[in-house]
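Have a look at the structure below, then the notes.
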Number of protein chains: 2
Amino acid sequence: MATQAAEPRAPLSRERVLLAAVSLADSEGLGAATMRRIAEALDAEAMSLYYYVANKDDLFDGIVDLLMAEINAVVDRDEATGRDWKQAMRRRILSAREILLRHPWAPKVLESRTTMRPAVVIYHDRLVGLMRSGGFSNDLAHHALHALGSRALGFSQELFDPNGAAAGADDRMLADLAEQVPNLAGMLAEVAHDDPDSTLGWCDDQSEFEFSLDLILDGLDRLRQGAATS
Amino acid sequence: MATQAAEPRAPLSRERVLLAAVSLADSEGLGAATMRRIAEALDAEAMSLYYYVANKDDLFDGIVDLLMAEINAVVDRDEATGRDWKQAMRRRILSAREILLRHPWAPKVLESRTTMRPAVVIYHDRLVGLMRSGGFSNDLAHHALHALGSRALGFSQELFDPNGAAAGADDRMLADLAEQVPNLAGMLAEVAHDDPDSTLGWCDDQSEFEFSLDLILDGLDRLRQGAATS
DNA sequence: ACCTGAACACCGTTCAAGT
DNA sequence: ACCTGAACACCGTTCAAGT
């Protein structure tokens with residue numbers, strides 16, 4: 001009775017550390033995923049994490065691996081079909097996007113990686129395989145990866161957010177702005193951007209994402225056909 | 001002789017603070033632009049900066065304003081011409097890119113802004129104006145902004161860097177990777193990506209950027225014509 | 001092998017105080 | 001009006017020490 005049995009706690013592991021970080025980022029944003037907060041969620045001390053991750057960069061690498069494993073699993077399942085390259089590519093990219101939409105921090109983390117994550121390489125390798133089987137030259141497949149950029153993984157950085165533009169602006173400011181940017185003001189008035197739930201935090205609605213993706217895929221298809229003809 | 005005249009120092013100002021921050025980011029990277037380091041460069045204390053910027057976010061806002069003012073100045077000069085929308089748009093975007101290439105930190109800072117910077121809005125307004133004068137409907141111009149995304153400002157986030165892939169990898173690792181990603185390995189072997197100076201730090205070479213930009217502009221042009229016909 | 005306490009060098013930021 | 005010293009709450013990370 002003098003020695004009280006300590007609460008037994010599940011032992012740490014690299015996976016538990018990574019999952020705790022993901023969980024924190026999901027619920028409170030990427031900024032909440034600090035070593036100290038992650039450790040706290042695991043009922044441990046910050047220094048303990050360093051037994052499982054080399055440093056913060058390694059932690060984010062691990063998170064990317066987790067994310068990409070999920071995406072690649074979907075792609076592999078799709079692999080069976082893959083006759084029409086354009087439809088298959090579209091399907092894969094939109095599947096990847098669905099997963100990203102559940103993790104708003106994903107684009108920022110993916111972009112922050114300077115090292116080459118094997119799972120990311122594998123994802124793109126499968127895209128190239130799909131294009132090659134669809135009649136792409138290696139050269140065009142290479143151009144295609146560049147043209148898609150981050151869109152290949154299901155997101156695109158938007159610098160312009162008509163939905164968020166009005167946030168915190170009163171009528172006077174909006175009127176002033178309309179004078180200074182008549183083209184945009186007219187455009188937005190006509191387009192009536194009434195799709196309020198853009199889940200990635202940018203004005204990057206599903207339909208706009210698909211419009212842009214199709215524009216690129218169609219352009220690539222034309223180039224592919226042109227090369228085959230000539 | 002007892003009281004030694006203190007070295008007179010140029011008084012601070014918001015502009016001097018912003019310029020010092022830009023200078024630090026240019027030379028030592030964005031991470032070097034801390035309040036303490038900026039103040040040090042100005043021969044002042046970190047707390048003095050708060051007289052000219054509300055906080056770090058406000059500082060980055062100011063930097064974006066500086067950058068965009070430079071870009072908009074170029075665009076305004078171009079405004080005189082602007083007959084063929086496609087050529088004018090291409091020229092503007094590549095001009096913006098030239099300026100961004102001198103500031104490797106610019107994409108990250110631009111993406112980090114959540115608030116709407118007027119100068120960024122104005123830049124896009126002029127793009128819309130150009131498209132409208134070129135026969136775009138408001139709806140297509142709106143799609144176009146989404147399709148271009150960050151490319152409208154002259155950069156695109158690349159998640160895939162064939163040049164950097166080999167960094168820190170020995171032959172054994174590369175051989176293993178080639179087995180796991182045969183499509184990519186074959187593609188890269190054929191394309192022979194021997195353009196070593198990608199200035200933005202991604203595999204985002206000028207020619208690849210232009211290829212993607214033209215792919216999108218051509219696609220938009222076709223849609224514009226299609227709409228005009230129907 | 002696994003975890004931690006104490007400590008270090010950094011952050012951004014506040015606030016009362018100096019000139 | 002302009003600038004600063006001292007202090008606070010937070011980082012990531014190291015290292016020697018505990019079990």
Side-chain angles (χ1 to χ4, degrees), chain A residues 2-25 27-64 105 108-109 111-115, chain B residues 2-25 27-64 105 108-109 111-115:
Chain A
T3 53
Q4 188 172 344
E7 276 281 328
R9 189 204 54 196
L12 298 180
S13 71
R14 182 175 172 94
E15 197 187 19
R16 287 195 70 215
V17 170
L18 297 178
L19 289 177
V22 166
S23 172
L24 261 172
S27 58
E28 297 187 52
L30 196 56
T34 69
M35 298 305 256
R36 281 168 171 85
R37 296 281 316 271
I38 296 166
E40 189 189 6
L42 292 167
D43 204 15
E45 301 301 320
M47 314 83 202
S48 308
L49 306 185
Y50 287 89
Y51 198 79
Y52 302 98
V53 295
N55 47 43
K56 195 108 199 250
D57 241 50
D58 185 38
L59 184 141
F60 284 132
D61 280 350
I63 288 176
V64 167
W105 43 265
K108 195 174 289 193
V109 172
E111 281 167 4
S112 73
R113 300 303 80 205
T114 54
T115 64
Chain B
T3 52
Q4 189 174 343
E7 275 282 328
R9 187 205 54 195
L12 298 178
S13 71
R14 183 175 171 92
E15 196 188 18
R16 287 195 69 216
V17 169
L18 299 178
L19 289 177
V22 166
S23 172
L24 261 172
S27 58
E28 297 187 52
L30 196 56
T34 69
M35 298 305 254
R36 282 167 172 86
R37 295 282 315 271
I38 296 166
E40 189 189 6
L42 292 168
D43 205 15
E45 301 300 320
M47 313 85 203
S48 308
L49 306 185
Y50 287 89
Y51 198 79
Y52 302 98
V53 295
N55 48 42
K56 194 106 200 250
D57 241 49
D58 185 38
L59 184 140
F60 284 132
D61 281 350
I63 289 177
V64 166
W105 43 265
K108 196 174 290 191
V109 172
E111 281 168 4
S112 73
R113 298 304 81 203
T114 54
T115 65

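Proteins get letters first, then strands, A, B, ... in listed order; numbering begins at 1 in each.
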Checklist entry - Under a 4.5 Å cut-off applied to non-hydrogen side-chain atoms, are Asp58(B) and Arg14(B) in contact? => result yes
Next on the checklist: I want to check something: taking the side chain as every heavy atom from C-beta on, are Tyr52(A) and Leu12(A) in contact at a cut-off of under 4.5 Å?
Outcome noted: yes
Presence of salt bridge, [Y] and [X], under 4.0 angstrom:
X	Y	result
Lys108(B)	Glu111(A)	no
Lys56(A)	Asp61(A)	no
Glu28(A)	Arg37(A)	yes

Checklist entry - For Met35(A), which contact category applies under a 4.0 Å heavy-atom criterion: base, sugar-phosphate, or nothing? => result sugar-phosphate
Next on the checklist: Within the 4.0 Å heavy-atom criterion, would you say Thr34(A) contacts the bases, only the backbone, or no part of the nucleic acid?
Outcome noted: sugar-phosphate
Using whole Å, what does the distance between atom [atom2] of nucleotide [N] and atom [atom1] of [X] come to?
X	N	atom1	atom2	answer
Glu40(B)	dA9(C)	CD	P	16 Å
Ile38(B)	dT13(C)	CD1	P	11 Å
Tyr50(B)	dC3(D)	OH	C1'	15 Å
Asn55(B)	dT14(C)	CG	P	7 Å
Arg14(B)	dC2(D)	CZ	C1'	17 Å
Arg16(B)	dC2(D)	CZ	C1'	14 Å
Leu49(B)	dT14(C)	CG	C1'	14 Å
Glu45(A)	dT4(C)	CD	P	5 Å

Item to check | Ala32(A) vs Ser48(B), nearer the 5' end of DNA chain D by closest nucleotide | outcome: Ser48(B)
Item to check | Contact nearer the 5' end of DNA chain D, comparing Gly31(A) with Met47(A) | outcome: Gly31(A)
Next on the checklist: If you assign Arg36(A) and Tyr52(A) each to the DNA chain C nucleotide with the nearest heavy atom, which residue ends up on the more 5' nucleotide?
Outcome noted: Tyr52(A)
Item to check | Tyr51(A) side-chain N/O to dC3(C) phosphate OP1/OP2 under 4.0 Å | outcome: no
Checklist entry - Who does dT13(D) pair with, Watson-Crick or G-U, both distances under 3.5 Å? => result dA7(C)
